[in-house]
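Please read the structure below before turning to the comments.
We're numbering straight along the sequence, starting at 1.
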Amino acid sequence: MTVDRFDPTPIYLQIAGVLRERIKSGRYAPGQVLPSEQHLQQEFEVARATARRAVEVLRDEGLIVTMPQRGSYVTPK
């Protein structure tokens, strides 16, 4: 899935939406590590800061937890 650069919704929110849907659909199961910021940067062709903000949105929503030096993991439902 790609982001729509002409959509007025900020790109980081679009990426967060894609990741949210992947979590809700079970593609990323509880306890599973999310792709790294670098991977998201490459997949969506965005700056690292944009990928980082998308991850922050999911963390603020309680969908993931980030452990320093280990990555971000999907929280149990």
Side-chain angles (χ1 to χ4, degrees):
M1 185 174 252
T2 60
V3 296
D4 182 355
R5 299 189 187 284
F6 296 105
D7 187 325
T9 305
I11 293 175
Y12 75 94
L13 290 178
Q14 292 181 52
I15 295 170
V18 170
L19 296 174
R20 187 180 304 108
E21 287 306 312
R22 290 178 183 176
I23 291 169
K24 289 182 179 182
S25 73
R27 181 169 172 188
Y28 298 142
Q32 182 177 354
V33 67
L34 285 182
S36 66
E37 290 175 359
Q38 183 178 10
H39 178 84
L40 295 174
Q41 181 182 355
Q42 293 170 349
E43 178 182 352
F44 294 104
E45 299 178 351
V46 295
R48 188 170 192 142
T50 303
R52 183 173 290 139
R53 284 188 76 185
V55 170
E56 287 175 6
V57 168
L58 298 178
R59 189 172 42 246
D60 291 344
E61 292 175 1
L63 292 173
I64 64 170
V65 60
T66 301
M67 292 184 236
Q69 305 298 321
R70 294 185 57 199
S72 297
Y73 295 82
V74 178
T75 57
K77 293 183 180 182

Q | Option passing side chain to side chain donor-acceptor pair (under 3.5 Å) with Tyr28 (candidates Arg22, Arg20, Glu21) | A | Arg22

Rounded at 0.5 Å granularity, tell me how far [atom1] in [X] sits from [atom2] in [Y].
X: Thr50; Y: Gln14; atom1: OG1; atom2: CD; value: 11.0 Å
X: Ser36; Y: Glu43; atom1: OG; atom2: CD; value: 10.5 Å
X: Ser72; Y: Met67; atom1: OG; atom2: CE; value: 9.0 Å
X: Arg52; Y: Tyr12; atom1: CZ; atom2: OH; value: 15.0 Å
X: Arg53; Y: Ile11; atom1: CZ; atom2: CD1; value: 11.5 Å
X: Glu56; Y: Thr66; atom1: CD; atom2: OG1; value: 9.0 Å

Q. So does Arg5 have more than 12 non-hydrogen atoms from other groups sitting under 6.0 Å from CZ?
A. yes

(Q) How about CD on Glu45, more than 12 heavy atoms from neighbouring residues, nucleotides or ligands closer than 6.0 Å, or not? (A) no

Q: Provide the closest heavy-atom pair for Ile15 versus Ala54 in the form atom of the first, atom of the second, distance.
A: CG2-CB, 3.7 Å

Q: Quick one: closest heavy-atom pair of Gln41 and Ala47, and the distance?
A: CG-C, 4.1 Å

Q. Are Leu58 and Val65 in one and the same hydrophobic cluster, where Ile, Leu, Val, Met, Phe, Trp and Tyr link if side-chain heavy atoms are under 4.5 Å apart?
A. no

Q.
In this structure, would Val74 and Val18 fall into the same cluster of hydrophobic residues linked by side-chain contacts under 4.5 Å?
A. yes

**Q.** Leu63 vs Val57, side-chain contact (heavy atoms from CB on, under 4.5 Å): CA-CA, chis, key distance, verdict
**A.** CA-CA 9 Å; Leu63 292 173; Val57 168; over 6 Å; no

Q: Would you indicate whether the side-chain heavy atoms of Val3 and Thr9 approach each other to under 4.5 Å?
A: no

Q) Is a side-chain donor or acceptor of Thr75 paired with a backbone partner of Gly62 at a separation under 3.5 angstrom? A) yes

(Q) If you apply the rule side-chain contact (heavy atoms from CB on, under 4.5 Å), what do you find for Ile64 with Tyr73, and how did you get there? (A) CA-CA 5 Å; Ile64 64 170; Tyr73 295 82; over 6 Å; no

